[in-house]
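To start, the structure itself, in structure tokens.
Count residues from 1 along the sequence. This one's a predicted model, so the numbers in the text were calculated from it and none came from an experiment.
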Amino acid sequence: QVQLVESGGGLVQPGGSLRLSCAASGKSFTIYTMGWYRQAPGKQRELVAGITSGGSTNYADSVKGRFTISRDNAKNTVYLQMNSLKPEDTAVYYCNVRSDYSTLYNYWGQGTQVTVSS
């Protein structure tokens, strides 16, 4: 079965950095768009960053210049490098993968907590 496992979350001080990883298994996601979403308490889930199968990236305005999304197709893994973290980045971060060619395939990880606090 398809499984997405996030790792790398935790507690970090403002201005610090974290790198999130999402390892996918069960099938190849070479032709899938991969992305990261986040949800803070009392707020709606929002797209943080996405990367297409062709390598095109998209970022929320709030994280541009601070976060970088990348992927390693050989490892079926997507990463989110988060620098200059702010308290408002605190949220549960979710990995998402979806097919570039079919709306039938859309998968989510269980989430990893990122807390930015002094």
List the residues meeting side chain to side chain contact (heavy atoms under 4.5 Å, CB included) with [X], not counting sequence neighbours, and say none if there are none.
| X | answer |
| --- | --- |
| D72 | A74, K75, Y79 |
| K27 | V2, F29, Y32, Y105, Y107 |
| S56 | T52 |
| S62 | R38, A60 |

Sequence-distant partners of K43, salt bridge (Lys or Arg N to Asp or Glu O under 4.0 Å), two or more places apart |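 In terms of salt bridge (Lys or Arg N to Asp or Glu O under 4.0 Å), with neighbours along the sequence ignored, K43 is linked to no residue.
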
Go through the structure and list residues passing salt bridge (Lys or Arg N to Asp or Glu O under 4.0 Å) with R66, not counting sequence neighbours.
->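 R66: salt bridge (Lys or Arg N to Asp or Glu O under 4.0 Å) contacts with D89.
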
Between N73 and T30, is any side-chain donor less than 3.5 angstrom from a side-chain acceptor?
->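 Not at all, the side chains of N73 and T30 share no donor-acceptor pair under 3.5 Å.
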
Give every residue pair that meets the disulfide (SG to SG under 2.5 Å) criterion with at least one member in residues 5-100, sequence neighbours excluded.
->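 For residues 5-100: C22-C95.
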
Name all pairs fulfilling the disulfide (SG to SG under 2.5 Å) condition that reach into residues 48-84, sequence neighbours left out, sorted by first residue then second.
->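 Qualifying pairs, neighbours excluded: none.
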
Side chain to side chain contact (heavy atoms under 4.5 Å, CB included) between Q113 and T90, intermediate numbers included = CA-CA 8 Å; Q113 177 71 47; T90 296; 4.0 Å; yes

Under the ring-ring contact (aromatic ring centres under 6.0 Å, His included) test, residues paired with Y37 that sit two or more places apart |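 Y37: ring-ring contact (aromatic ring centres under 6.0 Å, His included) contacts with W108.
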
Taking only residues two or more places apart in sequence or in another chain, which ones pass ring-ring contact (aromatic ring centres under 6.0 Å, His included) with Y93?
->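 Here no residue qualifies.
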
Under 3.5 Å, side chain of N96 to main-chain N/O of G35, donor-acceptor pair present?
->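 Not a single qualifying donor-acceptor pair exists.
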
Would you confirm whether Q39, through its side chain, and V92, through its main-chain N or O, come within 3.5 Å as a donor-acceptor pair?
->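 Answer holds: no.
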
Partner of L80 under side-chain contact (heavy atoms from CB on, under 4.5 Å), chosen from I51, V63, L20 =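 With L80 as partner, side-chain contact (heavy atoms from CB on, under 4.5 Å) holds for just one option, L20.
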
Considering non-hydrogen atoms only, spot the tightest contact between Y59 and A49 and give its length.
->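 Scanning both residues completely, I find the closest heavy atoms to be CD2-CB, 3.5 Å.
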
Where W36 and L47 come nearest, the two heavy atoms and their spacing |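 Shortest heavy-atom contact: O-CD1, 3.6 Å.
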
With sequence neighbours left out, what residues match S70 under side chain to side chain donor-acceptor pair (under 3.5 Å)?
->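 Here no residue qualifies.
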
Within residues 8-21 or reaching into it, pairs that qualify as side-chain hydrogen bond (donor to acceptor under 3.5 Å, both in side chains) - sequence neighbours excluded =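 Matches after skipping sequence neighbours: S17-N83.
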
